[in-house]
Enquirer: 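Would you mind keeping the following structure in view while I ask a few things?
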2 protein chains.
Amino acid sequence: MPKLKGTKEKILETALNLFAQSGYAATSIRDISRRVGIRESAVYNHFKSKEEIFLSIIDKYRFLDLNEKILSDELLEELTTPQRFLITFSNKLIDLWDKPEEKKFMRLLLMEQFSRISGREISVNGLLSELRTLCGMILGEMVKHGIIKKIDPEILADEFIAPLFLIRAEFMVTDESSISEVKKLVEQHVNFFWNAVRL
Amino acid sequence: MPKLKGTKEKILETALNLFAQSGYAATSIRDISRRVGIRESAVYNHFKSKEEIFLSIIDKYRFLDLNEKILSDELLEELTTPQRFLITFSNKLIDLWDKPEEKKFMRLLLMEQFSRISGREISVNGLLSELRTLCGMILGEMVKHGIIKKIDPEILADEFIAPLFLIRAEFMVTDESSISEVKKLVEQHVNFFWNAVRL
DNA sequence: AAATTATATTAACGAACGTTCATTAATTAA
DNA sequence: TTAATTAATGAACGTTCGTTAATATAATTT
């Protein structure tokens, strides 16, 4: 039989697609294997169970490391013009969220966050709180430097993130992203937020 | 055999509990019937399929009719003191969301919104947009009466709702509601929002 | 070239799935 | 009182599930 290189990766990729589309329980090993192009028994050469496939996906995408992915040098240079900074930051976030794999992963998380597959906690809050921490730091610095009003950074972070997240969630259902419309909404939000916090 | 009154309701109630806990696909007719206290075949005296149970649940809880549930007379009297109004409004919303059945229904919606069980669209956005419309109207009136800044009511609605929704979503995972903590967060949000929109 | 390892195949397992069936007891209507 | 309806039962259906075993072949290592 031909050795198809990268079968393991293909299984993970296919499984993410199907899990994100129909949910973990509604997706069978046979569904996955059929799409990969192998028999279901061959899957077990790469993963010892369906749960292990799921957990591998979680582990693969769990590490967002937002700081690295978003905080580029060009962004940090815009810190002197806070409003621009916030818009650029938001758009970077939206672009990140709009990447197909991030989208699918978020869908999977939303669907399975309550199921606790194999005891492991699958939380959307985890991803969110990472983002909240980052925003809290940035906005906290802005407060400290007297760029914006003196408001508890945690509150600022929530107020900044929540509408962005909702915009994102809304456009995750309708698959045709229409990214320009999203960015318009983002800009409107940032303007509102900026007017709320500017001195 | 004894006739147990209300079996149909009991099935719906049990099914909602299990669907909201583990998801539709991971819940079996046997799970449901066992908890109801009948054999799985007896379920089919009341519903012709598993899907019909699911759709019955959706139909039962779909009609929130927010206006009726939230807009009480006492609330409307507070319209002269907008900040108080917003806090009362938010707390009413949180109380509504905190009702066990609403909570479970929202969980179910969050889990199954992407699955499109039996073609029927199951959207969280539907519930959200109803709320957004209501808030848009209220805030639009406030703008028109010169109570708050002149900002697009749709934007105002989004900015007002999003943090509330996120607070809600966050406390849906940790089942111990700690409603007082939620209300503190809500109050902080309303204060932020009020300061952003006041003249 | 031989041995080993990795990856696929076919076949099958027991368990669980949603659903149907004939039957029976209890309730309701005539 | 009888007939019809309702709601339960236990058994069985065909299907699909996750998983395992035995086996064959390709790729890699020796």
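Letters A, B, ... are given to chains in the order of the sequence lines, protein chains preceding strands, and every chain is numbered from 1.
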Enquirer: In whole angstrom, give the distance that lies between atom CZ of Arg39(A) and atom P of dT9(C).
Expert: 5 Å
Enquirer: Between dG18(D) atom C1' and Phe47(A) atom CZ, what is the distance in whole Å?
Expert: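 One finds 16 Å between C1' of dG18(D) and CZ of Phe47(A), rounded.
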Enquirer: Check the phosphate of dA8(D) against Thr7(B), side-chain N and O only, distance under 4.0 Å to OP1 or OP2. Yes or no?
Expert: yes
Enquirer: Salt bridge or not for Asp95(B) and Lys69(B), using N-O below 4.0 Å?
Expert: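 No.
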Enquirer: Inspect the contact between Lys184(B) and Glu187(B) and indicate whether a charged nitrogen and a carboxylate oxygen are less than 4.0 angstrom apart.
Expert: no
Enquirer: Would you say a side-chain N or O of His46(A) is under 4.0 Å from OP1 or OP2 of dA6(C)?
Expert: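 Answer is no, no contact under 4.0 Å.
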Enquirer: Hey, are Glu130(B) and Arg62(B) close enough for a salt bridge, meaning a charged N less than 4.0 Å from a carboxylate O?
Expert: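 Not counted as a salt bridge, because no side-chain N and carboxylate O are separated by less than 4.0 Å.
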Enquirer: Please find the pair of heavy atoms, one from Ile11(A) and one from Phe47(A), that lie closest to each other, and give the distance.
Expert: CG2-CE1, 3.6 Å
Enquirer: Does Lys50(B) count as lying over the ring of Tyr24(B), i.e. NZ or CZ under 6.0 Å from the six-ring centre, within 45 degrees of the axis?
Expert: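 Checked: cation-pi criterion met.
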Enquirer: Is a donor-acceptor contact shorter than 3.5 angstrom present between the side chain of Asn45(A) and the base of dA6(C)?
Expert: no
Enquirer: Reading nucleotides 15-22 of chain C from the 5' end, what letters show protein touch, with B for base, S for backbone sugar-phosphate only, - for no heavy atom under 4.0 Å?
Expert: --BBBBB-
Enquirer: When Lys60(A) is tested against each of Glu101(A), Glu13(A), Glu9(A) for side-chain hydrogen bond (donor to acceptor under 3.5 Å, both in side chains), which residue passes?
Expert: Glu9(A)
